[in-house]
Amino acid sequence: ELKLRQEELVSQQLGERTRVIIGRLSNLYGPGQNLGKLQGLISQLVVSSITKVPLKMFVSLDTLRDYIYTDDAAQIILSLVMGPNWKPGVDTQVIASGQPVSLGYLIHLAEDIARARIPIAVGAHASSAAQARDLRLIPSHNGASSQIHTTLPAGIKNVYLDILGRRQRA
C-alpha cells in the first residue's frame, strides 16, 4: 500500500511536468547481495548449501515467483530511461523475466548447481497467509524476452561462485 501511495504521489506531483517511469520489479537476484540482511531467496539458498545451516521456509514449495537477474533488469531500465519518448507523463512498467518458477524447482536447481543438498526447514508463520501463492508477472517492456540474457541456472551459478569466493577470501 505504501508503494502504491508513493506511485500516486509521484504521478500527481510530477506527471504533468516531466517524464516519470515507475518500475515494478519482480524478484531481483545476482552476485554481490548483502548476505547479512536475510533477503534474497537465491542468495540464501546458496549460503545454506555452503554452510549447511537450514533455511527456514514459511510458504508452500509450489509457490510461484518471477526472478530477474540484476544485469538484465538494469539493461531494461536503461533502455526505458534512454528511450525516445521524452514527453511529460507517467509510464508504469513491470520489469520481470516473465518466467515463473516454483520455490521447489528453485531449490532443486540450486542443489544441482551447488552439487549439495540444501537443508530446508518448512514451517508456519502468521505472515505466510498474506503471501500470494502465484505471482506470475507479465513484463510490460517491449522486447522483454530479447533483453533477458541470463538464464536462471546461469544466474544462480554466478551467485554461487560469488558467495563461494567471498567465503573463501574471508
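All values below were derived from every heavy atom in this structure, side-chain atoms included, with hydrogens, water molecules and symmetry-related copies excluded.
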(Q) Would the distance check show the side chain of R17 and the main-chain N or O of Q13 forming a donor-acceptor pair, the cut-off being under 3.5 Å? (A) yes

Q. Do L64 and V122 share a hydrophobic cluster, counting only Ile, Leu, Val, Met, Phe, Trp and Tyr and linking them when any side-chain heavy atoms are less than 4.5 Å apart?
A. no

Q: Say whether, by atom type as modelled, one donor and one acceptor occur between the side chain of T18 and the main chain of L14 under 3.5 angstrom.
A: no

Q: Verify the neighbour count for atom CZ of R117: are there more than 12 heavy atoms of other residues, nucleotides or ligands below 6.0 Å?
A: no

(Q) For the backbone of V47 and the side chain of R167, can you confirm whether one donor and one acceptor N or O come within less than 3.5 Å of each other? (A) no

(Q) Count I, L, V, M, F, W, Y as connected when their side-chain heavy atoms are under 4.5 Å apart, and connections chain through other members. Are L164 and I42 then in the same cluster? (A) yes

Q: Name all pairs fulfilling the ring-ring contact (aromatic ring centres under 6.0 Å, His included) condition that reach into residues 8-42, sequence neighbours left out, sorted by first residue then second.
A: Y29-Y69

Q. Regarding D66 and S97, is there a side-chain donor-to-acceptor distance under 3.5 Å anywhere?
A. yes

Q) Any luck finding a side-chain donor-acceptor pair between S79 and Q147 under 3.5 Å? A) yes

Q. Can you find a pair of side-chain heavy atoms, one from R24 and one from I95, that are under 4.5 Å apart?
A. no

Q. Is any side-chain heavy atom of Q99 less than 4.5 Å from a side-chain heavy atom of L152?
A. no

Q | Side-chain touch R19/K87, heavy atoms, less than 4.5 angstrom | A | no

Q: Report yes if some heavy atom in the side chain of M57 is under 4.5 Å from a heavy atom in the side chain of I107; otherwise report no.
A: yes

**Q.** Side-chain heavy atoms of E16 within contact of P88, under 4.5 Å
**A.** no

